Amino acid sequence: MNLIKRIKRGWSREYFRNNFLLILIITFIPGIISGVGIQWFGVTAVKGELRERHTIQIAETAEMVDDQLEYLELSLSYWAFEKRFGPDLLDRNFVKDVLETRDMMQLLTVIQGSHPLIERVELYINKDDEPLLFSPFYSKVKPVEYAYYQSLLKSDHSMGWTHQEQPRSDREESTILSHSIPGASQMPLGMLSVTLDQEKFGQLIQTLKTDEQGITFIMDSRQQMIAPGMDSTDAHFVSALKNELSQLESNSGSIEYAYNGDSYSVSFGQLDRVNDQWTYVSAVPLSAITAPIEWISKSIVFISLTGLVVALILTWFGSQTIYRPVERLIEKVQKENDGDEPDNPQGEFTMLEEGFTQLYQERQRLKSRLTSETPQLQKSFLIQLSQGYLYQQTKQQLTERMENYGWKIEGHAFRVIDIQAIGMDEGNHSFITSDEGLITFSIQNIVEELCEKYFDQFSVLDNYDLSVSLFLIEQSAHTQAIRSFVQELSSIVNRLLKLQLIISVSESSNQVKRIHALFEETRQGKYQRRFKNQNQILFLEEAPKEHKRNQTSYPFEIEREVIQSIRKGDREEIHHQLERFLNQLVSHAKTWGSIQMGMLQLFSRIQHEILHSDIHLEEIFSNRNLYSELSIIKEPVRMLSWLETKVIEPYLAHLKERVNQEAKGLVDDVIAYLKAAYMDDISLDHCAEKFETNAHTLSRSFKKVTGTKFIDYLTELRINTSKKLLIETNLKIHEVAEQVGYRHSYFNRIFKKSVDLSPSDFRKKYGQ
């Protein structure tokens, strides 16, 4: 058995065959000429006859398909003129009039059953106050469906075909025929559409295929595929065939097409549809018909080969000696690929070249993906950092994360610039500034374009309140460049948006832990502006010393640490920071009033944090007058105790209960999504974006609810699915890898790490 296996393995290698067949090629020239002659002339004649018959058969079938679709178009056009779909639809109240709603659903059900290709009938009524949709049951229109139907109503044609490759909501890929209603109206009030049964429509298209090994498809005038259920493995062949047909001048006919060493008879023609023109294509392999002739020619060659059996045996042993070094190298390559033989025999050196090429392409793909996603990752990190959610991380942790996101921070300093737009009420701004969100977006774009001119490393954050924050990483203080930047920015915004800017520039700091403070200082700094609607530029490091000294009388830094400890829920840390705050406040206060105002300010900041977490004060404190309770306390220590026991602890308890419920619901939704889409390219960031949260929150919630990390759960899900596929199916290793969302080489490594067996060994041990 080992000898046979070695013979098969060696024979499949190009380099081995070149050595082994050298004598054979010289000896068998007469037999080869005979076989090639029979194959060349005989097969060519058969191919021509087959292609002619195939063209006639496909044309007849295409006419039948055209009749089916034309009947469907006529049926929909007839229904569109039904009086029930007249202008009075807008006056009907389908919510209150149950009988009218039932009759409309029954009518749509009748239409749905009028043709076997119809899967679903939908009636869209474009009411100004509230658009309605019968499908056939009554429902409100989702935003994505509203945009879809509005685009159809704005079309120049009252009737037409649409193929949805991307679902409108939770629906699969579909082919839709729609007609505006009423039928002859120049101002349609809605849309009547039918969605084809993809399975039956696919079966209808497959009637154009005359052989099980063939392939058929239909495309519209934009060369968009209309082929339900097409196997993804045919995509390369279909793409190559489309390119070939696009170079032809004729819109119908038959050609012979060669692809990957196989010959195909390809017939194509036109299907005239409403407001469109479809092209049908049917390709059938000629090799299935010409196989007997090829067998005869190969038989002649085989008869010639039998005369040199002894020579072949001797050649085998000689070739083995020559091939031995290359064989050892190939064995190492196959071991890396878990011994999975390639689908098609290929040269040894080609195999190695393809391996390196694949590795290089994967590296370039990952590099390109990382480059495209880096700006968004940087902004997400900065948002968390600026809001204080990363305050508990060490300097080393923050530095490593920033370097991983592509920032160069060694020997650099940090600076934050807050840009606030004012002058909305002046009445002389442009039409763009009618929307605050659009103003902020416009300012952000202007800032980003100018930063390309002035700075090397920067990131712009949209604060959604007519302001943006600019984060700079500078190698040395560029005060003059910043002055030029803010002056040019102010000039552009004044001219284009007719608004003025309040620009606060922080001091330069080389401490990564100070970045959050820089954001906070610039936000606070803009309140130093003069009460005038004019451009004002505030360099906070140039603020008067007296102002800075007064600013330190209230311990803002300790206040931030109090808020951070509340966010973490660490009660010991909260108590420690509150004591620090009180000690600092008492040491700088001159009167009891100053202490009381400081504690009230701290309470106000804590209350703001509670509201920021989307919790109403009534949920925790009922109708208590908290300011009054705090105001009547005359001892600082009792104030501190009151804040801990009456405000912070009830808030943390309520927050914990709510977070646990929200986390469980979020994790349940994510797990359901993973089980349905584990074969796709899924990441923690992708799931966080899909479920409208951030990666840090999702990771922490997933670990807390399931006891397992997100990536470990996804890996276990994929590995368990691959085990089932390896045991219950005959799929190849690389096909199993693709079905569970892995690349072949990585799948081998992760499977072996999880199971302590390679995929092929696992199949041998547990397969049937």
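Note that the structure is a prediction, hence the values are computed from the model and not measured. For reference, positions follow the sequence shown, starting with 1.
When every heavy atom of Lys408 is checked against every heavy atom of Ile473, the shortest pair comes out as O-CG2, 3.5 Å. Scanning both residues, Leu501 and Asn535, for their nearest heavy atoms gives N-OD1, 2.9 Å. Between Ile417 and Ile482, the shortest heavy-atom distance links the atoms CD1-CG2, 4.0 Å. Nearest heavy atoms, Ala421 versus Leu499: CB-CD1, 4.3 Å. Summarising the geometry of Val512 relative to Leu398, their closest heavy-atom pair is CG2-CB, 3.9 Å, with the distance given to 0.1 Å. Gln577 approaches Ile558 most closely through the heavy-atom pair O-CG2, 3.6 Å.
Contact annotation: the side chain of Ile682 approaches that of Tyr673 to within less than 4.5 Å [non-hydrogen atoms, C-beta and beyond]. Here the side chains of Leu470 and Val416 are not in contact, with every heavy-atom distance at 4.5 Å or above. Contact check for Ile606 versus Tyr651: no side-chain heavy atoms found under the 4.5 Å cut-off. The closest side-chain heavy-atom distance from Gln511 to Lys395 is below 4.5 Å. Contact check for Leu674 versus Tyr713: side-chain heavy atoms found under the 4.5 Å cut-off. Using a 4.5 Å heavy-atom threshold, the side chains of Leu643 and Met639 count as separate. In this structure the side chain of Phe710 never reaches within 4.5 angstrom of the side chain of Thr715, judged on heavy atoms. Considering only heavy atoms from C-beta on, Lys513 stays 4.5 Å or farther from Thr394 through its side chain.
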Where do Leu717 and Ile671 land on the side-chain contact (heavy atoms from CB on, under 4.5 Å) test, with the steps shown first?
CA-CA 10 Å; Leu717 177 62; Ile671 289 176; over 6 Å; no

Let me see the working for Glu649 and Arg571 under side-chain contact (heavy atoms from CB on, under 4.5 Å), right down to the final yes or no.
CA-CA 8 Å; Glu649 288 187 1; Arg571 287 177 168 79; 4.3 Å; yes

Check against side-chain contact (heavy atoms from CB on, under 4.5 Å), Phe691 and Leu698:
CA-CA 9 Å; Phe691 291 96; Leu698 177 57; 5.8 Å; no

From CA spacing to verdict: side-chain contact (heavy atoms from CB on, under 4.5 Å), Ile502, Gln536:
CA-CA 5 Å; Ile502 303 298; Gln536 299 180 48; 3.6 Å; yes

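None of Gln457, His412, Arg415 except one satisfies the side chain to side chain donor-acceptor pair (under 3.5 Å) rule with Glu474; the exception is Arg415.
Residue-environment remark: NZ (Lys379) exceeds the threshold of 12 foreign heavy atoms within 6.0 Å. For Gln475, the CD atom counts as loosely surrounded, since its 6.0 Å shell holds 12 or fewer non-hydrogen atoms of other residues, nucleotides or ligands. Few gaps surround CD on Gln607; more than 12 heavy atoms of other groups in view lie less than 6.0 Å from it. Other residues, nucleotides and ligands contribute more than 12 heavy atoms inside 6.0 Å of the OH atom of Tyr454.
With Ser565 contributing its side chain and Glu561 its backbone, the two residues share a donor-acceptor pair below 3.5 Å. A distance-only check finds no donor-acceptor pair linking the side chain of Ser699 to the backbone of Ala695 [under 3.5 Å]. When atom types are taken as modelled, the side chain of Ser467 and the backbone of Gln420 share no donor-acceptor pair closer than 3.5 angstrom. Under a 3.5 Å cut-off, the side chain of Thr522 and the backbone N or O of Phe519 do form a donor-acceptor pair. Counting only distance, with no hydrogens or angles, the side chain of Ser587 and the backbone of Asn583 share a donor-acceptor pair below 3.5 Å. With hydrogens and angles disregarded, a donor-acceptor distance shorter than 3.5 Å links the side chain of Arg718 to the backbone of Tyr678. Put simply, the side chain of Ser754 never gets that close to the backbone of Phe751: no donor and acceptor are under 3.5 Å apart. The main-chain N or O of Asn625 is never found under 3.5 Å from a side-chain atom of Ser628 such that the two would form a donor-acceptor pair. Using modelled atom types, no side-chain atom of Asp680 and backbone atom of Gly741 make a donor-acceptor pair closer than 3.5 Å.
Residues satisfying the side chain to side chain donor-acceptor pair (under 3.5 Å) criterion with Glu629, sequence neighbours excluded, are Arg624, Trp642.
Relative orientation of the Phe381 and Trp407 rings is tilted, given thresholds of 30° and 60° on the angle between their planes.
In this structure, the ring of Phe471 has its center no less than 6.0 angstrom from the ring center of Phe458.
Side-chain atoms of Glu579 and His575 include a donor-acceptor pair closer than 3.5 Å.
Salt bridge absent: Glu559 and Arg580 never bring a charged side-chain N and a carboxylate O closer than 4.0 Å. The pair Glu716-Lys709 does not count as a salt bridge, with every side-chain nitrogen at least 4.0 angstrom from each carboxylate oxygen. A salt bridge between Glu521 and Arg560 is absent, with no side-chain N of the basic residue lying under 4.0 Å from a carboxylate O of the acidic one.
Here CG of Leu714 is found 8.5 Å from CZ of Phe702. Values are rounded to the nearest 0.5 Å.
Pairs engaging residues 480-494 under the salt bridge (Lys or Arg N to Asp or Glu O under 4.0 Å) rule: Lys453-Glu488, Arg483-Glu542 [sequence neighbours left out].
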